[in-house]
Novice: 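Before I ask anything, let me first share the structure, which is written out below as structure tokens.
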There are 2 protein chains.
Amino acid sequence: MARPKVPLLSVDRIADAALELVDSGEPFGVNALARKLGVTPSSLYNHVDGLDGIIELMRGRFSTEAGAQLQHGTWHEIVAETLRAQRRMYARHPNLVPLVVGKTITDPFVIESYDRLASTLLEAGFPDDEVLGVIAILDAFAIGFGLDLASPEEIWHPQGETQTLGRLIAEAPHGDERSDRAFELGLELLLDSLRGRLARILA
Amino acid sequence: MARPKVPLLSVDRIADAALELVDSGEPFGVNALARKLGVTPSSLYNHVDGLDGIIELMRGRFSTEAGAQLQHGTWHEIVAETLRAQRRMYARHPNLVPLVVGKTITDPFVIESYDRLASTLLEAGFPDDEVLGVIAILDAFAIGFGLDLASPEEIWHPQGETQTLGRLIAEAPHGDERSDRAFELGLELLLDSLRGRLARILA
DNA sequence: ACCTGAACACCGTTCAAGT
DNA sequence: ACCTGAACACCGTTCAAGT
């Protein structure tokens with residue numbers, strides 16, 4: 001016991017196991033993670049900064065996984081691809097979404113991706129004092145749809161009579177198909193209006 | 001002790017205290033809530049269905065609080081008012097947002113509000129198979145911005161150099177003002193594009 | 001440097017016992 | 001019907017001890 005000659009743990013091993021645990025759908029926590037790694041919970045604190053640290057680690061990992069973003073193309077192609085990439089990540093690890101939501105972003109890769117988005121919008125012609133607002137909107141949209149993927153099959157569960165909601169729910173496609181369609185529709189709407197706004201600004 | 005002549009608890013009293021606790025910013029839970037009510041945790045289970053039940057209770061309460069929605073007006077006025085009302089609720093109880101996120105909605109008042117939205121969009125001329133998608137988009141938008149309000153002051157915290165993000169963050173307004181502006185901009189964009197889409201559909 | 005084990009202050013939920 | 005108190009199976013985190 002005590003200190004082994006070759007370390008049992010490493011930041012990478014912890015991140016891998018954490019993502020696996022999250023994806024398995026079992027409740028996530030440092031104790032559960034330690035069990036999965038065959039180790040004592042306190043061991044993790046030699047490598048990682050507690051629960052929040054592990055979550056931030058996953059955010060970084062799962063955004064690196066998403067791979068290279070489009071580097072050239074029109075600004076709206078870049079925006080669309082960035083959002084689609086983010087959505088793919090959320091789709092691959094839906095259970096991670098509720099964990100990362102509302103925590104300050106410090107991971108360098110994630111920061112870099114937002115930085116690139118900001119530069120792109122600025123170069124496209126959006127004014128300085130509007131770029132961050134546009135990004136906040138894109139972010140709200142992406143995270144909202146991320147949560148949509150993490151949500152239970154039934155978002156609404158009407159108990160009694162409804163005027164139209166019940167019928168539409170019954171008729172509509174379910175699960176990922178519904179979510180995918182809504183995402184693409186929303187993306188189209190958002191880009192349309194951004195294009196229009198930019199045209200007016202540049203005119 | 002044991003059973004008192006006049007009950008110490010009631011569903012209403014629990015809901016009130018729960019919202020107060022959430023709004024105080026202290027960690028929310030059934031133990032903390034019981035302490036606040038001067039009662040044993042197990043007592044709550046006589047009135048309420050555990051932690052999830054209490055959270056659903058708050059969702060209902062805090063959407064009733066939002067009060068009457070616009071009943072007439074154009075469809076986009078109704079949509080705008082519904083989203084603004086939702087945002088006001090989120091703004092008033094930001095700490096509730098992370099709690100309700102991703103849990104199936106059963107509260108009748110909330111269901112009714114979505115039902116009304118669905119009817120409005122249908123009457124406006126959006127096709128059957130698109131209404132739920134539009135609502136999902138509006139929802140993603142609203143929840144995304146709700147989380148924006150619940151987020152820490154600094155959403156992004158760049159550690160190193162950035163191309164443009166750091167400068168924009170320093171220049172931009174902070175906190176609620178930033179969030180409010182982005183919300184109104186996003187709402188405008190969304191409504192613009194929905195109007196355009198509807199015009200094309202009806203043409 | 002890196003792991004264990006004990007300790008601490010918490011959780012949410014169940015259930016018998018009491019009035 | 002409605003509350004308590006004990007019990008259970010968990011949490012996240014700290015820290016001395018061991019190699």
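In what follows, chains carry the letters A, B, and so on, assigned in the order in which the sequence lines appear, proteins first and then strands, with residues in each chain numbered from 1.
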Novice: Rounded to whole angstrom units, what separation is found between the CG atom of A/N46 and the C1' atom of C/dG5?
Specialist: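 Spelled out: CG on A/N46 to C1' on C/dG5 is 14 Å.
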Novice: What's the NZ-P distance between B/K5 and D/dC3, to the nearest Å?
Specialist: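 Atom-to-atom, B/K5 to D/dC3, this comes out as 15 Å.
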Novice: Provide, to the nearest angstrom, the distance between the NE2 atom belonging to A/H47 and the C1' atom belonging to C/dC2.
Specialist: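 These atoms are roughly 6 Å apart.
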Novice: Between atom CG in B/L8 and atom P in D/dC3, what is the gap in whole Å?
Specialist: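 Going from CG in B/L8 over to P in D/dC3 covers 5 Å.
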Novice: If you check the A/L9 side chain, which of D/dT4, C/dC3, C/dT4 turns out closest?
Specialist: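 Between D/dT4, C/dC3, C/dT4, the one nearest the side chain of A/L9 would be C/dC3.
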Novice: Using the C1' atom as the reference point in each nucleotide, state the distance between C/dA1 and D/dA17 in Å, no decimals.
Specialist: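 Pairwise C1' distance, C/dA1 against D/dA17, rounds to 15 Å.
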Novice: What stems involve DNA chain C, if each pair must be Watson-Crick or G-U and both of its distances must be under 3.5 Å, with 3 or more such pairs in a row?
Specialist: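 Expected stems, ordered by start: C:4-8 with D:12-16, C:12-16 with D:4-8.
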Novice: Check B/V11 against B/H47 and note the closest heavy-atom contact, atom names and distance.
Specialist: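 Smallest heavy-atom distance, with atoms named: CG2-O, 3.6 Å.
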Novice: When rounded to the nearest 0.5 angstrom, what is the spacing between CD in B/E56 and CZ in B/R61?
Specialist: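 Going from CD on B/E56 over to CZ on B/R61, the span is 13.5 Å.
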Novice: In whole Å, what is the span from the CZ atom of A/R13 to the P atom of C/dC3?
Specialist: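 About 9 Å, once rounded to whole Å.
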Novice: Counting side-chain heavy atoms from C-beta on, which of D/dG12, D/dC3, C/dC3 comes nearest to A/Y45?
Specialist: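 For A/Y45, the side-chain atoms sit closest to D/dG12.
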Novice: Between A/E26 and A/K36, does any NZ, NE, NH1 or NH2 come within less than 4.0 Å of an OD or OE carboxylate oxygen?
Specialist: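 No, this pair does not count.
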Novice: Answer yes if the side chains of B/T82 and B/R87 hold a donor-acceptor pair under 3.5 Å, and no otherwise.
Specialist: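 No - no donor-acceptor pair under 3.5 Å links their side chains.
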Novice: Has A/D49 got more than 12 heavy atoms of other residues, nucleotides or ligands less than 6.0 Å from its CG?
Specialist: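 At most 12 heavy atoms, drawn from other residues, nucleotides or ligands, come within 6.0 Å of this atom.
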Novice: For residues B/S119 and A/T164, report the shortest heavy-atom separation together with the two atoms involved.
Specialist: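 For B/S119 and A/T164, the tightest heavy-atom pair comes out as OG-OG1, 3.0 Å.
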Novice: Do A/R200 and B/D192 sit within salt-bridge range, that is, some charged N less than 4.0 Å from a carboxylate O?
Specialist: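 A salt bridge links A/R200 with B/D192.
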Novice: Report the nucleotide, chosen from D/dT4, D/dC2, C/dT4, that has the shortest atom-to-atom distance to any side-chain atom of B/P4.
Specialist: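 Within the option list, the nearest is D/dC2.
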Novice: When you measure from the side chain of A/S42, which nucleotide among C/dG12, C/dT4, C/dT14 comes out closest?
Specialist: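 Selected nucleotide: C/dT4.
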Novice: For nucleotides 8-11 of chain D, give me every protein contact, N/O to N/O, under 3.5 Å, one pair per line with atom names.
Specialist:
| unit_1 | atom_1 | unit_2 | atom_2 | d |
| --- | --- | --- | --- | --- |
| D/dC11 | OP1 | A/R35 | NH2 | 2.6 |
| D/dC11 | OP2 | A/N31 | ND2 | 3.4 |

Novice: Any idea which heavy atoms bring A/R13 and A/P7 closest together, and the distance?
Specialist: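 Closest heavy-atom pair between A/R13 and A/P7: NH2-O, 3.9 Å.
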Novice: So, do A/L8 and A/S43 sit near enough that their side-chain heavy atoms are less than 4.5 Å apart?
Specialist: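 A side-chain contact is absent here, since even the closest heavy-atom pair is not under 4.5 Å.
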